[in-house]
Amino acid sequence: MKKDNQPIIMFDGICNVCNHWVQFVIKRDPKGIFKFLSLQSDLACSLITDHTQNNKQLDSIILIDKDQIYTESTAILHIINKLTGPIRFFVLFWIMPKKIRDKAYRFIAKNRYRFFGKKESCLVPSKEIQNRFIKTETESGKTDE
């Protein structure tokens, strides 16, 4: 994969709430700042390993931006900060202690399949947004970037 310094949002490709979040971000990111990558891909596993010191399995929204990895509520707030529209109001949650934000985030993440369901397979992007998703060997038979 070539390095283009675009922030990468990694998401659970079979989680309904994660897929809705990706669609939400795409609609509010008219400049195409973000690229997307399913956590189910080998490339995502490799990127996570490259950016974390621990072997903790990260299994929800993850943002890699300028060689920094952001997880849980911090990832969401960094993403919101780059979007357009009224959603930017939620950056005010930065004032809330990280421990509290992350506890709420983990509750939702832990119960996301029960609350929102899951898909049988990962999201297949439409032609209009296909260029926003990083292709991996498992998806295309060869690396695209």
Side-chain angles (χ1 to χ4, degrees), residues 1-94 96 98 101-102 104-145:
M1 180 179 101
K2 73 179 181 195
K3 201 162 181 126
D4 61 9
N5 290 326
Q6 280 186 277
I8 299 170
I9 297 174
M10 292 186 281
F11 65 101
D12 181 347
I14 60 171
C15 169
N16 285 332
V17 74
C18 297
N19 281 289
H20 287 294
W21 171 250
V22 167
Q23 296 298 325
F24 180 88
V25 169
I26 288 170
K27 287 179 186 170
R28 287 151 186 86
D29 178 22
K31 293 181 181 174
I33 295 169
F34 295 106
K35 290 280 193 176
F36 301 91
L37 179 63
S38 169
L39 282 169
Q40 283 76 11
S41 71
D42 291 337
L43 179 57
C45 292
S46 174
L47 286 171
I48 291 167
T49 301
D50 290 348
H51 287 86
T52 59
Q53 271 41 33
N54 60 35
N55 292 328
K56 178 180 162 188
Q57 175 60 31
L58 302 171
D59 65 352
S60 46
I61 300 293
I62 299 169
L63 172 67
I64 296 179
D65 189 6
K66 297 181 180 126
D67 286 328
Q68 291 280 75
I69 190 165
Y70 302 99
T71 62
E72 299 179 328
S73 66
T74 304
I76 298 296
L77 291 172
H78 274 281
I79 294 166
I80 287 172
N81 195 42
K82 294 182 186 234
L83 299 179
T84 61
I87 188 65
R88 290 183 49 96
F89 170 80
F90 286 97
V91 297
L92 293 174
F93 279 101
W94 279 117
M96 185 180 290
K98 183 178 179 342
R101 290 190 331 251
D102 284 348
Y105 182 94
R106 280 191 295 273
F107 174 79
I108 293 168
K110 181 180 173 186
N111 295 291
R112 67 188 184 272
Y113 296 144
R114 187 168 44 150
F115 293 161
F116 305 103
K118 66 180 181 177
K119 298 182 179 302
E120 293 297 315
S121 61
C122 292
L123 169 75
V124 177
S126 67
K127 288 188 191 277
E128 295 81 31
I129 61 171
Q130 223 168 24
N131 66 329
R132 305 285 304 276
F133 290 79
I134 298 170
K135 291 190 183 200
T136 63
E137 280 189 35
T138 55
E139 293 169 347
S140 64
K142 59 183 182 352
T143 50
D144 193 40
E145 299 185 37

Can you tell me how far apart [atom1] ([X]) and [atom2] ([Y]) are? Round to the nearest 0.5 Å.
X	Y	atom1	atom2	result
Y113	D12	OH	CG	3.5 Å
F133	F11	CZ	CZ	5.0 Å
I61	E72	CD1	CD	12.0 Å
I134	L43	CD1	CG	6.5 Å
I9	I79	CD1	CD1	3.5 Å
T71	I62	OG1	CD1	7.0 Å

By side-chain hydrogen bond (donor to acceptor under 3.5 Å, both in side chains) - contacts of [X] (at least two apart):
X	result
K98	D102
Y70	none
N111	R114

Keeping the roles fixed (side chain from R132, backbone from F34), state whether a donor-acceptor pair exists under 3.5 Å.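 Judged by distance alone, yes, a pair lies under 3.5 Å.
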Would a distance-only check, ignoring hydrogens and angles, find a side-chain to backbone donor-acceptor pair under 3.5 Å from K66 to P7?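 Not confirmed, K66 side chain does not pair with P7 backbone.
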With the side chain counted from C-beta on, respond yes when I76 and Y105 share a heavy-atom pair under 4.5 Å apart, and no when they do not.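 Yes; the side chains approach each other to less than 4.5 Å.
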Who pairs with I87 by side-chain contact (heavy atoms from CB on, under 4.5 Å), at least two apart in sequence or on another chain?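 In terms of side-chain contact (heavy atoms from CB on, under 4.5 Å), with neighbours along the sequence ignored, I87 is linked to F24, R28, I80, L83, F90.
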Residues which pass side-chain contact (heavy atoms from CB on, under 4.5 Å) with K110, listed by chain and number, not counting sequence neighbours: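 Here no residue qualifies.
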Taking all non-hydrogen atoms of both residues into account, name the closest pair between [X] and [Y] and its distance.
X	Y	result
Q40	G13	OE1-N, 2.8 Å
A44	S38	CB-O, 3.3 Å
Q6	G32	NE2-O, 2.8 Å

Taking side chain to side chain donor-acceptor pair (under 3.5 Å) as the cut-off, I'd like each qualifying pair that reaches into residues 74-94, sequence neighbours left out, listed once.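 Qualifying pairs, neighbours excluded: D65-K82, T74-R101.
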